[in-house]
Amino acid sequence: MRAAHTLAQQLEALLIVADEPLSAVALATATDRPVREVRAALVALAADFDGTADGSQRGFELREVAGGYRFYVRESLDPIVADFVHQQSPARLSQAALETLAVIAYRQPIARGAIASIRAVNVDSVVRTLLARGLITEVGHDPETTATLYGTSDALLGHLGIGDISELPPIAPLLDDPSEGFAHESL
């Protein structure tokens with residue numbers, strides 16, 4: 001199968017699916033080629049993508065970072081990619097995300113484990129989503145467990161139209177039984 005494709009094609013295929021930078025040694029092992037030959041092919045690919053051969057620069061580039069090689073979007077195209085990503089993100093939050101956001105807002109700073117305990121479900125992906133959207137932020141670490149503590153971000157306060165977390169409405173009146181829910185409201 002390797003003989004049916006050029007070294008450059010093989011390297012492109014490997015690099016496009018990589019989650020992290022791949023070293024020249026790892027790429028040489030995967031393609032069953034000498035490291036020297038792989039390095040030369042990587043330099044040629046980078047030059048090709050930069051447009052040094054025919055003057056036509058690609059929208060991505062091949063960089064050597066962290067001891068390996070990886071594809072990156074050209075810095076000049078970052079605004080276009082950012083706009084696209086923001087358009088692709090759903091404008092609405094799921095019920096799980098809203099519930100998790102409420103727990104964080106009313107109990108901050110709070111660790112992921114405590115959020116999961118309150119909600120009685122795994123909240124890892126929801127917390128990652130809220131972090132990615134900039135609605136929560138890491139605010140420190142628990143001194144006893146070293147767990148990451150989360151709190152609301154300024155962006156969330158802006159979305160809610162409040163200046164400070166103390167402006168959140170008290171939660172107890174919203175519950176059917178005010179004795180249920182949070183033992184205390186720390187703002």
>> Can you pull out every ring-ring contact (aromatic ring centres under 6.0 Å, His included) where at least one residue sits in residues 30-50? Sequence neighbours excluded, please.
In response: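 The answer is Phe49-Phe60, Phe49-Phe71.
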
> Please, which pairs that meet ring-ring contact (aromatic ring centres under 6.0 Å, His included) have at least one residue in residues 109-146, sequence neighbours excluded?
Replying inline: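 Sorted pair list comes back empty.
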
>> Taking salt bridge (Lys or Arg N to Asp or Glu O under 4.0 Å) as the definition, give me every residue that meets it alongside Asp124, ordered by chain and number, with sequence neighbours left out.
In response: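 Per chain and number, Asp124 pairs via salt bridge (Lys or Arg N to Asp or Glu O under 4.0 Å) with Arg112.
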
Could you list the cluster mates of [X]? Members are the ILVMFWY residues connected by side-chain heavy atoms closer than 4.5 Å, either directly or through other members.
| X | value |
| --- | --- |
| Val139 | Leu149 |
| Val43 | none |
| Tyr72 | Val65 |

Rounded to the nearest 0.5 Å, what separates atom [atom1] in [X] from atom [atom2] in [Y]?
| X | Y | atom1 | atom2 | value |
| --- | --- | --- | --- | --- |
| Ile136 | Ile104 | CD1 | CD1 | 4.0 Å |
| Thr31 | Gln10 | OG1 | CD | 6.0 Å |
| Leu14 | Thr29 | CG | OG1 | 11.0 Å |

> If only atom types and distance count, is the side chain of Thr129 paired as donor or acceptor with the main-chain N or O of Ser125 below 3.5 Å?
Replying inline: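 Yes, the answer is positive, given that a donor and an acceptor are paired below the 3.5 Å cut-off.
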
> Checking Asp142 side chain against Thr145 main chain: does a donor-acceptor pair fall under 3.5 Å?
Replying inline: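 Between the backbone of Thr145 and the side chain of Asp142 there is a qualifying donor-acceptor contact (under 3.5 Å).
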
> Under a single-linkage definition using a 4.5 Å side-chain heavy-atom cutoff for Ile, Leu, Val, Met, Phe, Trp and Tyr, are Leu15 and Val73 assigned to the same hydrophobic cluster?
Replying inline: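 No, Leu15 does not connect to Val73 through the hydrophobic network.
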
> Do Leu160 and Leu130 belong together in a cluster built from hydrophobic side chains that touch within less than 4.5 Å?
Replying inline: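 Yes, Leu160 connects to Leu130 through the hydrophobic network.
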
Heavy-atom closest contact ([X] atom, [Y] atom, distance):
| X | Y | value |
| --- | --- | --- |
| Leu62 | Leu42 | CD2-O, 3.7 Å |
| Ala28 | Val38 | CA-CG2, 3.6 Å |
| Leu156 | Leu135 | CB-O, 3.4 Å |
| Ala41 | Leu7 | CB-CD2, 3.7 Å |
| Ala97 | Val126 | CA-CG1, 3.5 Å |
| Leu168 | Tyr106 | CB-OH, 3.9 Å |

> Going by the salt bridge (Lys or Arg N to Asp or Glu O under 4.0 Å) test, which pairs reach into residues 36-47, not counting sequence neighbours?
Replying inline: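 Listed once each, the pairs are Arg33-Glu37.
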
What side-chain donor-acceptor pairs closer than 3.5 Å can you find for residues 16-25, not counting sequence neighbours?
| residue | atom | partner | partner atom | Å |
| --- | --- | --- | --- | --- |
| Ser23 | OG | Ala26 | N | 3.0 |

pair [X]-[Y]: side-chain heavy atoms closer than 4.5 Å:
| X | Y | value |
| --- | --- | --- |
| Ile110 | Val103 | yes |
| Ile118 | Ile115 | no |
| Thr137 | Tyr150 | no |

> Mind checking what makes side chain to side chain donor-acceptor pair (under 3.5 Å) contact with Arg74, not counting sequence neighbours?
Replying inline: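 In terms of side chain to side chain donor-acceptor pair (under 3.5 Å), with neighbours along the sequence ignored, Arg74 is linked to Asp50, Glu61.
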
>> Taking side chain to side chain donor-acceptor pair (under 3.5 Å) as the definition, give me every residue that meets it alongside Asp48, ordered by chain and number, with sequence neighbours left out.
In response: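 Expected list: Arg58.
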
> Within a radius of less than 6.0 Å around CG of Asp154, do more than 12 heavy atoms belonging to other residues, nucleotides or ligands occur?
Replying inline: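 It does not: Asp154 CG has 12 such atoms or fewer within range.
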
>> My understanding is that only residues two or more places apart in sequence, or in another chain, count here; which of them pass side-chain contact (heavy atoms from CB on, under 4.5 Å) with Leu98?
In response: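 Per chain and number, Leu98 pairs via side-chain contact (heavy atoms from CB on, under 4.5 Å) with Leu93.
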
> Is there any side-chain hydrogen bond (donor to acceptor under 3.5 Å, both in side chains) pair reaching into residues 93-105, and which pairs are they, with sequence neighbours excluded?
Replying inline: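 Found Gln95-Glu99, Glu99-Arg119, Thr100-Arg119.
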
